[in-house]
Undergrad: 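Encoded as structure tokens, here's the structure I'll be asking about.
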Amino acid sequence: MSVKVGDRVRVKAPLVIYHHPRHRNEPFDLKGEEGEVIDLASTYNWKGEEVSISANFPVVVQFPNIGKRFKAHLKEDELEVI
């Protein structure tokens, strides 16, 4: 699976986070939450060619149901495109 910026995605794996705005410092499972891919961790060299980097959580997903500005960095295998 290859996600792209703009894809609607759902968290398919149990994934506990601690930075949920309404549950700060408490465990919150993101499984089943839907959001939109807003960025992919990559960088470009001086020629404009994409150079891969070794980000542990390369997919940035925004979850509007949780909060307007709430984002999480996830791995691609934790997501499914909807």
Side-chain angles (χ1 to χ4, degrees):
M1 177 179 87
S2 180
V3 297
K4 304 178 295 297
V5 173
D7 282 351
R8 296 271 312 149
V9 293
R10 179 183 303 121
V11 179
K12 68 178 182 179
L15 181 65
V16 176
I17 61 166
Y18 291 87
H19 66 285
H20 188 288
R22 292 183 294 265
H23 303 278
R24 183 84 52 197
N25 297 325
E26 298 173 15
F28 181 83
D29 191 1
L30 274 180
K31 184 176 180 178
E33 293 290 332
E34 297 179 4
E36 180 180 346
V37 176
I38 59 169
D39 197 12
L40 299 173
S42 62
T43 188
Y44 296 87
N45 65 13
W46 64 275
K47 295 179 186 177
E49 299 166 332
E50 187 172 9
V51 179
S52 64
I53 60 173
S54 60
N56 291 335
F57 303 103
V59 183
V60 182
V61 180
Q62 185 169 16
F63 296 94
N65 294 341
I66 295 175
K68 282 193 261 183
R69 298 185 318 185
F70 180 76
K71 300 174 194 152
H73 294 252
L74 307 172
K75 294 186 281 187
E76 197 168 332
D77 63 351
E78 298 170 328
L79 302 169
E80 62 183 352
V81 177
I82 53 175

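Numbers here are sequence positions counted from 1.
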Undergrad: Examine distances only and state if a side-chain atom of Asp7 and a backbone atom of Val9 form a donor-acceptor pair shorter than 3.5 Å.
TA: no
Undergrad: Is the closest side-chain heavy-atom distance between Leu74 and Leu15 below 4.5 Å?
TA: yes
Undergrad: Under the 3.5 angstrom rule, does the side chain of Gln62 hit a backbone N or O of Lys68 as a donor-acceptor pair?
TA: yes
Undergrad: Could you measure the distance from the NZ atom of Lys12 to the CD atom of Glu80? Nearest 0.5 Å is fine.
TA: 6.5 Å
Undergrad: Counting the benzene-type ring for Trp, do His20 and Phe28 have ring centres under 6.0 Å apart?
TA: yes
Undergrad: Do the non-hydrogen side-chain atoms of Pro58 and Leu40 ever get within less than 4.5 Å of each other?
TA: no
Undergrad: Could you pull out the closest heavy-atom pair between Pro64 and Gly35, with the gap in Å?
TA: CD-CA, 4.3 Å
Undergrad: Contact between His19 and Arg24 at the side-chain level, heavy atoms closer than 4.5 Å - yes or no?
TA: yes
Undergrad: First locate atom CD1 of Ile82, then atom CZ of Arg10, and finally report the distance between them rounded to the nearest 0.5 Å.
TA: 4.5 Å
Undergrad: Group every Ile, Leu, Val, Met, Phe, Trp and Tyr by side-chain heavy-atom contacts under 4.5 Å, then state whether Phe57 and Val60 land in the same group.
TA: no
Undergrad: Nearest 0.5 angstrom please: Phe63 CZ to Ile38 CD1, how far?
TA: 10.0 Å
Undergrad: Under a 4.5 Å side-chain heavy-atom rule over Ile, Leu, Val, Met, Phe, Trp and Tyr, are Val11 and Val3 clustered together?
TA: yes
Undergrad: Does Ile66 reach the side chain of Leu30, with side-chain heavy atoms less than 4.5 Å apart?
TA: yes
Undergrad: Looking at every heavy atom in both Asn65 and Glu34, which two are closest together, and how far apart are they?
TA: ND2-O, 4.4 Å
Undergrad: Which heavy atom in Pro21 sits nearest to a heavy atom in Phe70, and how many Å separate them?
TA: CD-CD1, 3.6 Å
